[in-house]
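Written below as structure tokens is the structure these notes are about.
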Number of protein chains: 4
Amino acid sequence: MNNKVKKIGILTGGGDCPGLNAVIRAVTKAAIANYGYEVIGYKFGYRGLYNNDFIKLDARSVSGILHKGGTILYSSNKDNLFDYQVEENGQCVKKDVSDVAVENMKKEGVDVLVVLGGDGTLTSARDFARKGVNVIGVPKTIDNDLSKTDVTFGFNSAVDVVVDALDKLHTTAESHHRIMILEVMGRNAGWIALHAGIAGSADVILIPEIPFSLDAIVAKMNERSQRGLPFSIIVVSEGAMEKGGELTVQKIVNDSPDPVRLGGIGNKLALALEARISDHEIRNTVLGHLQRGGITSAYDRLLSTRYGVAAVELIAQGKFGSMVALQDGKMTDASLEAVIGKNKQVDVDSELIHVAKSLGVSFGE
Amino acid sequence: MNNKVKKIGILTGGGDCPGLNAVIRAVTKAAIANYGYEVIGYKFGYRGLYNNDFIKLDARSVSGILHKGGTILYSSNKDNLFDYQVEENGQCVKKDVSDVAVENMKKEGVDVLVVLGGDGTLTSARDFARKGVNVIGVPKTIDNDLSKTDVTFGFNSAVDVVVDALDKLHTTAESHHRIMILEVMGRNAGWIALHAGIAGSADVILIPEIPFSLDAIVAKMNERSQRGLPFSIIVVSEGAMEKGGELTVQKIVNDSPDPVRLGGIGNKLALALEARISDHEIRNTVLGHLQRGGITSAYDRLLSTRYGVAAVELIAQGKFGSMVALQDGKMTDASLEAVIGKNKQVDVDSELIHVAKSLGVSFGE
Amino acid sequence: MNNKVKKIGILTGGGDCPGLNAVIRAVTKAAIANYGYEVIGYKFGYRGLYNNDFIKLDARSVSGILHKGGTILYSSNKDNLFDYQVEENGQCVKKDVSDVAVENMKKEGVDVLVVLGGDGTLTSARDFARKGVNVIGVPKTIDNDLSKTDVTFGFNSAVDVVVDALDKLHTTAESHHRIMILEVMGRNAGWIALHAGIAGSADVILIPEIPFSLDAIVAKMNERSQRGLPFSIIVVSEGAMEKGGELTVQKIVNDSPDPVRLGGIGNKLALALEARISDHEIRNTVLGHLQRGGITSAYDRLLSTRYGVAAVELIAQGKFGSMVALQDGKMTDASLEAVIGKNKQVDVDSELIHVAKSLGVSFGE
Amino acid sequence: MNNKVKKIGILTGGGDCPGLNAVIRAVTKAAIANYGYEVIGYKFGYRGLYNNDFIKLDARSVSGILHKGGTILYSSNKDNLFDYQVEENGQCVKKDVSDVAVENMKKEGVDVLVVLGGDGTLTSARDFARKGVNVIGVPKTIDNDLSKTDVTFGFNSAVDVVVDALDKLHTTAESHHRIMILEVMGRNAGWIALHAGIAGSADVILIPEIPFSLDAIVAKMNERSQRGLPFSIIVVSEGAMEKGGELTVQKIVNDSPDPVRLGGIGNKLALALEARISDHEIRNTVLGHLQRGGITSAYDRLLSTRYGVAAVELIAQGKFGSMVALQDGKMTDASLEAVIGKNKQVDVDSELIHVAKSLGVSFGE
């Protein structure tokens, strides 16, 4: 089956993420060296597939990109070709233009599409697979919340950035006896907050999987003060929520005369804690895009490279409709159908949660 | 005169800053080794002086702190003993308690007070000098906006952090063709934004010294797009202002239905640019306290150490009421009276501004 | 069984390694918080056990050490109490003093010994277990060559340092069209060279598991030159060897008039390549102890913390004579008897070797 | 005069150094933007001038290189066109080929040559100036030993790398109670060792300007041990020398049975100290090329950019035969004739030496 493959196309979708270039490089090098495939890269994710906008990839064009953040193929966040915004008769309408993409692939002789993305991008990949396109997925997300794989690439680099930020906040927290809050990525899952919180010695870790109560956080702060530690570090996932629907925090926020302080959960929490803890200054920092960029960590460079080479092996084996995956430390694959739509969350009874609690971390329960 | 000195006290005031510990260490080591002074450190700045709350400092207690951010003496932001909040008859009142501080120094036999701080903290130092206390100032501020010295300690470390953040934002800006805004410290002066903006390859640098117009920024973005560079990096000092009083930006902000987006100048600018530039996503990041913490840079460790040793020399020479200063690369001193209240701003006709413009940087003029 | 445990002792043996302090902290915190054990730390490894030289460990004494390299308990490299150098009758003799250690433990009421070390240190631990001492091992080695565990702590941090060095050498290699050699740790196994070599984009990786030939390396250099890449990066494990016993390299070294160039395999290889490749300058760098120190990586802080908490769980379960281990990403344990003396080497048919070769890496075969 | 300039050529000579690319970028951008000059870059330093081997430089070709170590124009170490090795009649001879270079410049219409280099490279620049070529020098050297300028670019980045290494060695030194030696660059001047030694908390700093005695170093080690600090960090410039011509150290080295330990001064010193201090292990690390590569520091990016823009201003002013220079913090220029051959060494009576001594640093005197 695999001997029919002559040319593969790569695209990167969704938010940029350390390791994208490392995967592009590995797929390109392994495809050419091991099987003599041609390789092209579509620009701006699926949009390039729709516009047939691509560049040829070879050893030279992927040279020197291993460590670089971002993606040499560019990316866009919301380009679902199955529900794509086009202009028709002077009006913006949404329609399924996936046939155009399939036609473009045929025209260029592209036999396989390698898609680097998270749940959204891979859902489209699955949909193309259902249309009969040969698709291979590579699990990319800062948040590490894709199922069927232990680790997504980009996650380790993001944790490094968060831990570096926590190290910085520690000195200020101690010097001023302040409560420092750091809001990190993780809309649906708290992996970044959990890993970085343990590695960065946070006192409180708030994640979407464990709804928190303001009282429990205040109690933890007070307990620390009584032990002679009148400062604290709180890491909060952007998707963390209060038990029972944020009633207390949101009420305090609503009652606040200071709209400047609004924003994400970190800001809200700062405002609410300020109303409850009078003797400490409280500061919130939102890391935001700093978690995405810069130099890719050594761990992610290796993981991304392994994913890229494994993707080429799947192509050679004709195992289409699947995603490369790391399970129990071993490179393997999973069906895209089994991956999509299944958020991988932190198990609240897991070893990691036990580890954190053993160190005295509060989850605000 | 100096042979009367037996004991010196050190305190750190204002926001924490890389290099504080390096100065404390150098003062302590040089004072003991070169002149046999005793050294104590007051805790939490002037508050410790008021409460006579201090620790003894010697070679052992300052060992291993050279590289550490923060201050082992702790700091507080608003403790002016000349207008200090105390409780009297069950009520909070503000009064001048500086005599208590002077009395405490006498009681402990402290002959000289070494004050590490910015304009606010040093203003109190000057006021103590006027009362006859032997005071030596050391110029500390992230913002580098103290007059009579070329560089304050902490500034270089802060610029390093900002440039690292800019390097990170570049990859996202390029990958997504976005406009990325980074709001940095600098309420009264744009030194951080200017140095880091040049070193971090920003396209637009907005500083308090040069009021900007929204039109000029939009024009710069458009010009870059036309040259095939549809992404930009904007560094903005927290104190940057629009020409004529923020009329345009503030109007757009006021008209916005989205209070979540409010906040500092970075957020406002993002909102205003979004209203004016339709084809690019715009993201704002506020670095905040990340600029203060972490490992002190090699440059600041050396500079802080030089300041600390120089402060001890001033004591030995009996040159009280002065601040150690770096002028034209040489260690010297300046009168506290001449330093206080004189913001050191960026000269708009300076070489650095010319350098930035030569590279194509827009200041939004 | 575990309810008999009241006090545990910790010691660190062998070369220092990032993560030691993180394990000490986690064991101490978890032991106290989860089970109310007392904890002491022996100084300088087994030597402290012999001299009954220890400090009490509690939450306060392990505060602030999570990220720090080195070990607050100090370490020594060669202290085998079963063959220990003592002075008797004015003469240095070697004898088994393990009974003294056992006696010391009894005297202090230490029920369990937690030993952080590599193969040498853990061999002694196993020997103490055979004597009936309750022992738990924690797998520490930069080299990652301990069996029965997927990853030892310290390895990730070391790889980070090596990859950072490779990034630095790349710019010089390209600018001068040079061949840059980097000698890294790995006496018996090539894990560091392999992981870092892939992540740091090395062209040649030489490891103990794959004897190299000088001809193959020269051929790789020439092939790169012919492809317009007249520079190369070679990573070599300190334990890498030439096929057939280093005949060619050693002969060139022996014939060299320049004894200054001798030293480890990196220096020898540089000399030998220089004799074979006339048109490129060749430079060797030995990373040495730089691989051990500094800030512990986020990954290693988390892994070390997990190991530390797991060690306490093993104590609570009474599973003595075992080592905490990471297998397939899961915390588990292995018998010390099964671990000792079994070097974990790189499988030459493994996925990682295939990945490297797919990228064009030569192993000098 | 300056209105005659139409085209400028840039070349980089000598060892690579952080900031070369930043200067190339700044010269190119400022030349085009401010004066409309054309810019070309000769490859491999003077060799490219001889071979007329160059690339056109414009805003696009210098985009994205600001932070990168190395040089996009490549460099070579020993290409003096006034004494150049050429093949004549099948034989290698050395001759003055500078006329060929002048001819090449004329042929291409290159009016000015901008030379980035240290003393050797700038000596050639001065010789071309004597021949009537319009030359501008830019002071590049890791070692900071060029006269007439306070700081050369690359120096700050090198110091950062050395201080990072010292931070790493500290943890090992403390954990094992070892003496760790770090050999750093500085053949003729000790600037790197002095700056990094103070910033990295070295106990002994050995520089070419202050010949050392083995006895003094041993005494310092012993004094530290007696104060309960049985470990030390020694930074040694590669050009450091023993008083009276290395008699003691060299004698110990000559008597050593272990030729493997030979090499630079760091190795020799390790061997000599081992013979004199029995109770501590001693380890030497040679940083070597790691001091040259990697990411350029924020400080050097700014300094290099200032130098580049200033070089263009000198061209516009027709101030040929000069070098851009930083004096007392201000951009200015100096005559190449005044710069060449005058090593800038550390003044043994300077403030920096006093600072180091105040902290207890020994210079081995």
Side-chain angles (χ1 to χ4, degrees), chain B residues 22 25-26 29-31 33-34 59-60 63-67 150-151 156 159-164 166-167 170 174 194-196 198-201 227-229 295-306 308-310 312-313 326-331 351-352 354-360, chain D residues 22 25-26 29-31 33-34 59-60 63-67 150-151 156 159-164 166-167 170 174 194-196 198-201 227-229 295-306 308-310 312-313 326-331 351-352 354-360:
Chain B
R25 171 179 177 270
K29 288 198 153 196
N34 293 352
R60 186 153 295 262
S63 172
I65 68 170
L66 171 58
H67 63 293
D150 294 347
V151 199
N156 176 272
V159 169
D160 275 358
V161 171
V162 175
V163 170
D164 179 61
L166 288 173
D167 286 354
H170 263 291
E174 289 184 37
L194 181 58
H195 279 238
I198 297 175
S201 198
R227 285 195 292 128
L229 301 163
I295 300 290
T296 306
S297 75
Y299 181 97
D300 271 336
R301 295 191 210 174
L302 179 57
L303 179 63
S304 303
T305 300
R306 292 173 69 189
V309 173
V312 173
E313 295 304 319
L326 189 78
Q327 291 176 3
D328 298 343
K330 286 165 196 67
M331 241 340 119
E351 178 227 342
L352 270 190
H354 173 67
V355 163
K357 288 183 176 173
S358 298
L359 294 169
Chain D
R25 172 181 177 268
K29 287 197 155 197
N34 293 354
R60 187 151 294 261
S63 173
I65 67 170
L66 171 58
H67 62 294
D150 294 348
V151 199
N156 177 273
V159 169
D160 276 358
V161 171
V162 175
V163 170
D164 179 62
L166 288 173
D167 286 355
H170 263 292
E174 288 184 37
L194 180 58
H195 280 238
I198 297 174
S201 199
R227 285 195 294 126
L229 300 164
I295 300 291
T296 306
S297 75
Y299 181 96
D300 271 335
R301 295 191 211 175
L302 180 57
L303 178 63
S304 302
T305 299
R306 292 173 70 190
V309 173
V312 173
E313 295 304 319
L326 191 78
Q327 290 176 3
D328 297 343
K330 284 165 198 69
M331 248 330 125
E351 178 226 344
L352 271 189
H354 173 67
V355 163
K357 289 182 177 174
S358 299
L359 295 167

Exercise for the section: Give the minimum heavy-atom separation between B/Gly228 and D/Arg60, together with the two atoms involved. Expected result: O-NH2, 4.3 Å
Problem - Portion of D/Ala33 that has a non-hydrogen atom of chain B nearer than 4.5 angstrom - result: side chain
Handout entry: For the student: nearest non-hydrogen atoms of D/Arg25 and B/Ser201, plus distance
Key = NH2-OG, 3.1 Å
Practice task
Tell me, for D/Val309 versus chain B, whether the close heavy atoms (under 4.5 Å) come from the side chain, the backbone, both or neither.
Solution key: side chain
Fill in the blank from the handout: Under 4.5 Å to a heavy atom of chain D? For B/Asp167 that would be side chain
Problem - When D/His195, D/Gln327, D/His67 are compared by non-hydrogen pairs under 4.5 Å with chain B, the top option - result: D/His195
Practice task
Mind ranking B/Met331, B/His354, B/Glu351, B/Lys29 by heavy-atom pairs under 4.5 Å with chain D and telling me who comes out on top?
Solution key: B/Glu351
Completion exercise
Counting heavy-atom pairs under 4.5 angstrom with chain D, the leader among B/Asp160, B/Thr305, B/Leu326 is B/Thr305
Practice task
Taking the side chain as every heavy atom from C-beta outward, state whether B/Leu352 and D/Arg306 have any pair of such atoms under 4.5 Å apart.
Solution key: yes
Handout entry: Contact origin within B/Glu174 toward chain D - heavy atom pairs under 4.5 Å
Key = neither
Practice task
Could you tell me whether the side chain of D/Lys357 reaches within less than 4.5 Å of the side chain of B/Asn34, counting heavy atoms only?
Solution key: no
Completion exercise
In short, B/Leu302 meets D/Ala199 closest at the heavy-atom pair N-CB, 4.4 Å
Exercise for the section: Could you look at D/Leu66 and say if it's the side chain, the backbone, both or neither that has a heavy atom under 4.5 Å from chain B? Expected result: side chain
